[in-house]
Structures are given as C-alpha cells and as structure tokens.
Amino acid sequence: MRDFASCFSEHAIKVSDSSCSGNSGRSASVQNTVACVYRTQLSTGKQLIITVTWCRNQMGHLLSLNVDDDPSCVCKVDTTSWQFWKKKGTRSLEINSTKVDVYWDLSSARYAAGPEPIDNFYVAVVADGEIVLLLGDMDEEAAMKKNNITTPIANFFLIARKEYVSGKAVYSTKAQFVDHGLCHDILIKCGGENGGVKDPELSVCIDQKKVIHVKKLQWKFRGNQTIFVDGLPVDMMWDVHDWFFNSSASGDAVFLFRPRNGLDSRLWLEEKLLPKKDVGGAGFSLLIYACKSP
C-alpha cells in the first residue's frame with residue numbers, strides 16, 4: 001500500500017469550515033464533540049456506515065472511528081498523549097469478514113475553537129483494498145509528484161452530523177444540506193428578559209436571515225417548522241423541555257435539521273426506534289445537542 005499522504009485528491013473532504021463555534025464573534029457556544037456519520041459503498045455493492053467522532057477536553061483532542069456501530073470495530077486515537085508516535089499510525093480491524101485498515105496523521109494538525117482539526121492532517125479508511133473514507137487536506141506539492149494513483153476510491157457521503165455544544169444561549173455552525181450544494185451559516189438564539197428567564201424566545205437564522213421565530217418558548221418547548229433552503233424543504237425541529245423543567249439543570253436541548261425527501265412521513269423522535277442499519281437509507285441530517293451553561 002502506498003503512502004496515503006500522497007494520494008489525496010478532489011475526493012478528500014476538508015473539515016476546516018465545518019467546525020464553527022462562533023459567528024463573527026457573536027456566539028458564546030463551544031463545541032465539545034462532533035460526530036460525523038458517512039455512508040460508503042464498495043465496488044462490490046457492499047455498504048458500510050462509518051462514524052468519525054472528534055472530541056475535545058481539557059487535556060487536548062481525541063479521535064474515535066467506528067464501523068457499522070460494531071463495538072469490536074473501533075479505532076481510538078488519543079492526541080493528548082505526550083508520545084508523538086501515537087498521533088500518526090495505522091490499525092487493522094475486521095468486521096463481518098471485511099478487513100478494515102485505518103491510517104491517520106494528526107502529528108501536525110492545527111485546531112481552532114472546535115474539536116475538529118482545520119488542516120495539516122488526514123484520516124483514511126481502507127476496506128477490502130478500497131479507500132472508503134478520506135478526510136483532511138493534502139500536501140499539494142507531494143500530490144503533484146505522485147501521478148500514478150492506483151488504489152480505487154469508493155463513493156462516500158456525509159449523511160449525519162451530530163454536535164454537542166455548550167454556551168449561554170447562542171449556537172452557531174455550518175451545514176451543507178444537499179450534495180454539491182452551498183454551505184450555509186446557521187445561528188440559533190434562545191433568550192429573553194432577565195437573563196432569558198422571562199418571556200424566552202427562539203430564533204433561527206440561516207445566512208443571517210431569520211427563518212424561525214418562536215415566542216413563549218417555555219410553553220412551546222417542543223415543535224417543528226418547515227423552511228426552504230436551496231429551494232428544498234428542510235424540517236427544523238426543537239426540544240428544549242429540559243432547559244425549563246429538568247430539576248437537575250443538566251438536560252440538553254435538541255435541534256434537528258433534516259431535508260425532506262418527499263416520501264418520509266416519520267416524526268424525528270420515531271428515529272430513536274429504528275435500527276442503526278436503517279440510517280444508511282436516510283438523507284443528511286444535522287443534530288445539535290445544546291447544554292445551556294449558567
């Protein structure tokens with residue numbers, strides 16, 4: 001197998017702009033964990049679901065990669081270690097007679113406010129001799145010198161993104177709802193008088209345009225509304241019940257954005273009852289768990 005640092009191409013996904021914990025300095029939110037779910041299909045027709053989770057704690061950053069939600073097929077990389085070699089390496093796994101090799105290099109990775117690296121890194125997953133996932137940025141000079149790419153790259157798509165954030169009452173991120181579509185700025189604001197306690201409201205802005213405004217949020221703590229993004233209907237659903245009625249004050253609010261495919265009539269809460277394998281047939285969704293800090 002050749003050096004993966006030299007085979008990055010237009011197939012690679014750059015994660016730099018997807019980790020946005022602020023919006024022109026207005027956001028008080030901080031991302032703690034981001035989990036991205038990818039669906040990939042091998043040339044044999046076999047599909048795999050790969051979950052890549054980026055975490056951040058007081059010590060540093062961590063990476064966890066899981067295939068088909070199988071607890072025996074997990075690769076964890078702790079970049080908080082002082083041992084430099086742990087930030088670059090390979091690991092072999094096996095799931096249902098499929099050999100899976102994970103390659104990573106986070107030794108020179110740069111991070112912003114979020115848990116995801118912004119550049120100078122790569123993560124590659126190979127299954128049965130095919131590259132089924134390729135994340136990061138490439139060394140253009142090295143790539144230009146390497147013109148004999150022989151390892152096939154399978155088709156892979158981002159189908160879900162989950163963010164765990166904490167902040168005062170303002171949360172921002174970016175999302176691309178359709179393949180080859182635009183990347184949109186999303187800003188969620190929850191506030192009211194007297195520190196947000198009196199007459200709380202919810203507003204959602206996309207590309208600095210307010211698309212949802214909910215008054216009396218304390219009594220409308222769950223709801224859904226359809227907005228249009230890129231000319232397509234997107235269902236936005238919220239559940240902030242625990243913000244107001246959880247006595248331990250440790251509950252998270254949940255915000256979900258999901259483009260409607262026209263045939264899907266399920267409510268978002270019903271997805272909790274679906275088997276994990278059914279996620280592969282779903283379209284892209286953005287799920288935000290927001291912890292409201294005091």
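- A side chain to side chain contact (heavy atoms under 4.5 Å, CB included) with R39 is found for one member of L158, N155, I159 and no other, namely I159.
- Side-chain heavy atoms closer than 4.5 Å link hydrophobic residues (I, L, V, M, F, W, Y) into clusters, and following such links, possibly through other members, connects W238 to V211.
- Below 30°, between 30° and 60°, or above 60°: for H61 and Y111 the angle between ring planes is below 30°, a parallel geometry.
- Placement of L182 and L232 in two distinct hydrophobic clusters is found when ILVMFWY residues are connected by side-chain heavy-atom separations under 4.5 Å, directly or transitively.
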Task: Worked check of side chain to side chain contact (heavy atoms under 4.5 Å, CB included) between L217 and E201 - done: CA-CA 5 Å; L217 183 62; E201 299 181 352; 5.6 Å; no

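- For the pair F255 and T173, the minimum side-chain heavy-atom distance is 4.5 Å or more.
- Under the 3.5 Å distance criterion, the side-chain polar atoms of N224 are left unmatched by any main-chain donor or acceptor of T226.
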Task: Full working for side chain to side chain contact (heavy atoms under 4.5 Å, CB included) between E163 and L286 - done: CA-CA 8 Å; E163 300 185 6; L286 170 65; 4.1 Å; yes

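- Contact annotation: the side chain of W54 approaches that of P117 to within less than 4.5 Å [non-hydrogen atoms, C-beta and beyond].
- Put simply, the side chain of V52 does not reach to within 4.5 Å of the side chain of V123, judged on heavy atoms.
- With hydrogens and angles disregarded, a donor-acceptor distance shorter than 3.5 Å links the side chain of D68 to the backbone of I49.
- One finds a salt bridge joining R161 and E116 here, because a Lys/Arg side-chain nitrogen approaches an Asp/Glu carboxylate oxygen to under 4.0 Å.
- With sequence neighbours excluded, the residues forming a ring-ring contact (aromatic ring centres under 6.0 Å, His included) with H241 are F221, F245, listed by chain and number.
- Considering only heavy atoms from C-beta on, R91 stays 4.5 Å or farther from V77 through its side chain.
- The hydrophobic cluster containing W219 also contains V214, counting ILVMFWY residues as joined when their side-chain heavy atoms lie under 4.5 angstrom apart, directly or transitively.
- Checking side-chain atoms of N66 against main-chain N and O of V74 turns up no donor-acceptor pair under 3.5 Å.
- Using a 4.5 Å heavy-atom cutoff, the side chains of F157 and Q41 are not in contact.
- Between the side chain of D137 and the backbone N or O of Y122 there is no donor-acceptor pair closer than 3.5 Å.
- Two residues are said to be in side-chain contact when any heavy atoms from C-beta on lie closer than 4.5 Å; D69 and T51 fail this criterion.
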TODO: Any chance you could lay out the side chain to side chain contact (heavy atoms under 4.5 Å, CB included) test for F257 and I186, step after step, and finish with the verdict?
DONE: CA-CA 10 Å; F257 296 82; I186 299 175; 3.8 Å; yes

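- Within the 3.5 Å criterion, the main-chain N or O of V178 finds a donor-acceptor partner in the side chain of Q176.
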